[in-house]
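Each residue takes its place number in the sequence, starting with 1. Heavy-atom basis, side chains included; hydrogens, waters and symmetry copies ignored.
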Amino acid sequence: IIVCSQTARLVHLQAGYSSDRMIFIPNGFDLSEFKPNLQAKSAIRSELEIDDSSLVAGMAARFDPQKDHATFFIAVEELLEKFPNLHIILCGDEMSQENADLMKLVSPLGAQNRFHLLGRRSDMPDILASWDVAVLSSSYGEAFPLVIGEAMACEVPCVGTDVGDTADLIGATGVVVPARQPHLLADAVGNILSMSVGDRKNLGLAARRQVQLKYEIGSVAERYQKIWSEVAAL
């Protein structure tokens with residue numbers, strides 16, 4: 001039994017699955033696809049009319065209670081007051097102006113020109129590469145959040161809630177805060193945005209190195225191939 005996260009392993013053990021037959025192999029990331037890309041960063045910001053001097057925080061997550069956008073927007077309200085040049089990019093299913101429930105969260109903040117609601121996008125490597133910090137505010141249900149690893153591979157520092165394997169994935173390359181704590185989330189994101197460009201770049205470099213060392217798709221595939229070979233030999 002192969003599980004892609006330690007959280008999934010615990011859930012299945014509690015459900016009665018055999019620990020002796022369970023192996024953890026994390027999800028892998030294609031570093032040739034998800035990578036820093038200054039050309040893409042410039043193109044995305046130009047598309048959205050975000051100037052080069054602005055800061056960008058983004059979250060890629062479908063509109064779903066699991067992702068806890070309510071907590072995210074409370075944190076964003078604090079951040080918009082502290083950083084007048086901050087823009088927020090949101091993408092994923094139903095992350096568009098046509099979603100009335102989403103607009104109930106956006107409209108009261110009175111800064112709609114600083115929100116960019118992109119819906120589902122097929123160019124996520126480019127989108128992620130345009131951010132200064134990636135955020136995931138999930139309150140439950142995560143196992144191994146791919147978008148965090150993808151952003152890290154693009155050299156984008158991440159702030160995530162302590163749900164699933166997020167803390168193991170981010171490690172020391174970003175910040176992990178408790179779920180449903182918007183003020184702590186805002187502080188964590190604000191601390192990264194307040195860094196110098198050089199310090200934030202170094203944090204992003206460390207994030208990509210973490211992915212290279214632990215989650216590179218080739219090494220993950222080799223672990224699957226080893227298991228299949230062992231099973232075939234039985």
Side-chain angles (χ1 to χ4, degrees), residues 5-7 26-27 29 31 34-36 41 54-61 66-92 105 109 114-115 124 127-215:
S5 74
Q6 296 291 4
T7 300
N27 287 313
F29 301 94
L31 297 176
F34 292 94
K35 59 188 177 182
K41 178 177 182 178
S54 294
L55 294 167
V56 174
M59 187 161 84
Q66 174 190 336
K67 305 301 181 180
D68 197 3
H69 284 90
T71 286
F72 175 79
F73 277 98
I74 294 172
V76 164
E77 184 175 14
E78 295 183 23
L79 291 165
L80 291 174
E81 293 177 1
K82 185 174 182 180
F83 299 96
N85 64 336
L86 176 63
H87 286 250
I88 307 296
I89 294 178
L90 298 170
C91 49
L105 297 173
L109 300 183
R114 292 161 68 185
F115 284 91
M124 283 309 300
I127 297 289
L128 293 171
S130 73
W131 298 353
D132 294 300
V133 59
V135 185
L136 188 63
S137 58
S138 298
S139 58
Y140 65 90
E142 294 289 356
F144 187 98
L146 288 172
V147 70
I148 290 290
E150 291 167 350
M152 290 170 64
C154 294
E155 293 185 2
V156 177
C158 294
V159 175
T161 46
D162 193 7
V163 179
D165 282 16
T166 300
D168 289 337
L169 181 54
I170 293 177
T173 72
V175 185
V176 176
V177 299
R180 300 186 179 95
Q181 296 292 324
H183 305 302
L184 294 180
L185 186 67
D187 286 346
V189 175
N191 286 340
I192 290 178
L193 293 174
S194 297
M195 290 179 172
S196 68
V197 173
D199 286 346
R200 199 161 53 241
K201 175 67 174 177
N202 288 336
L203 200 59
L205 287 168
R208 183 171 171 86
R209 281 196 298 270
Q210 170 103 327
V211 175
Q212 288 174 320
L213 290 172
K214 298 178 66 175
Y215 309 110

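Counting heavy atoms from C-beta on, the side chains of L31 and R208 come closer than 4.5 Å. With contacts defined as side-chain heavy-atom distances shorter than 4.5 Å, the pair K214/F29 does not qualify.
Nearest heavy atom pair, residue V176 against residue A167, reads CG2-CA, 3.7 Å. Nearest heavy-atom pair, L185 versus F72, reported as atom, atom and distance to 0.1 Å: CD2-CA, 4.2 Å. The nearest pair of heavy atoms linking A60 to W131 is N-CH2, 3.7 Å. Shortest non-hydrogen contact noted between M59 and V135 is CG-O, 2.9 Å. Closest heavy-atom contact between M195 and L203: CE-CD2, 3.8 Å. Closest approach of A61 to L136, counting heavy atoms only: CB-CD1, 4.3 Å.
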Return all side-chain donor-acceptor pairs below 3.5 angstrom for residues 75-82, not counting sequence neighbours, or 'none' if the list is empty.
unit_1	atom_1	unit_2	atom_2	d
E78	OE2	H183	ND1	2.2

Identify each donor-acceptor pair in which a side-chain atom of residues 157-164 lies under 3.5 Å from a protein atom, sequence neighbours left out, and give them as a table.
unit_1	atom_1	unit_2	atom_2	d
T161	OG1	S138	N	3.3
T161	OG1	S138	O	2.5

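The residues E142 and K67 are annotated as salt-bridged, a charged nitrogen and a carboxylate oxygen being separated by less than 4.0 angstrom.
Note: C154 SG to K35 NZ = 9.5 Å, rounded to the nearest 0.5 Å. With rounding to the nearest 0.5 angstrom, the CG atom of L128 is 9.5 Å from the CD1 atom of I148. To the nearest 0.5 Å, atoms CG (L205) and CD (E155) are separated by 4.5 Å. Distance check: L55 CG to L86 CG gives 6.0 Å after rounding to the nearest 0.5 Å. With values rounded to the nearest 0.5 angstrom, I74 atom CD1 is found 9.0 Å from L105 atom CG. The CG atom of N202 lies 8.0 Å from the OG atom of S196; values are rounded to the nearest 0.5 Å.
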Please step through side chain to side chain contact (heavy atoms under 4.5 Å, CB included) for the pair N191 and V175, ending with a clear verdict.
CA-CA 9 Å; N191 286 340; V175 185; over 6 Å; no

Going through the checks in order, is the side chain to side chain contact (heavy atoms under 4.5 Å, CB included) test met by I89 and S130?
CA-CA 10 Å; I89 294 178; S130 73; 4.0 Å; yes

Using the side chain to side chain contact (heavy atoms under 4.5 Å, CB included) rule, take S54 and R114 through it: C-alpha gap first, then chi angles, then the decisive distance, then the call.
CA-CA 10 Å; S54 294; R114 292 161 68 185; over 6 Å; no

Please assess F73 against I88 for the test side chain to side chain contact (heavy atoms under 4.5 Å, CB included), listing each intermediate value before the final yes or no.
CA-CA 10 Å; F73 277 98; I88 307 296; 6.0 Å; no

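D132 places a side-chain N or O within 3.5 Å of a backbone atom of V56 that can act as its donor or acceptor partner. A distance-only check finds a donor-acceptor pair linking the side chain of Q210 to the backbone of L169 [under 3.5 Å]. Of the possible donor and acceptor atoms, one in the side chain of D165 sits under 3.5 Å from a partner among the backbone N and O of Q6.
Side-chain contact of S137 with D68: a donor-acceptor pair under 3.5 Å is absent, judged by distance alone.
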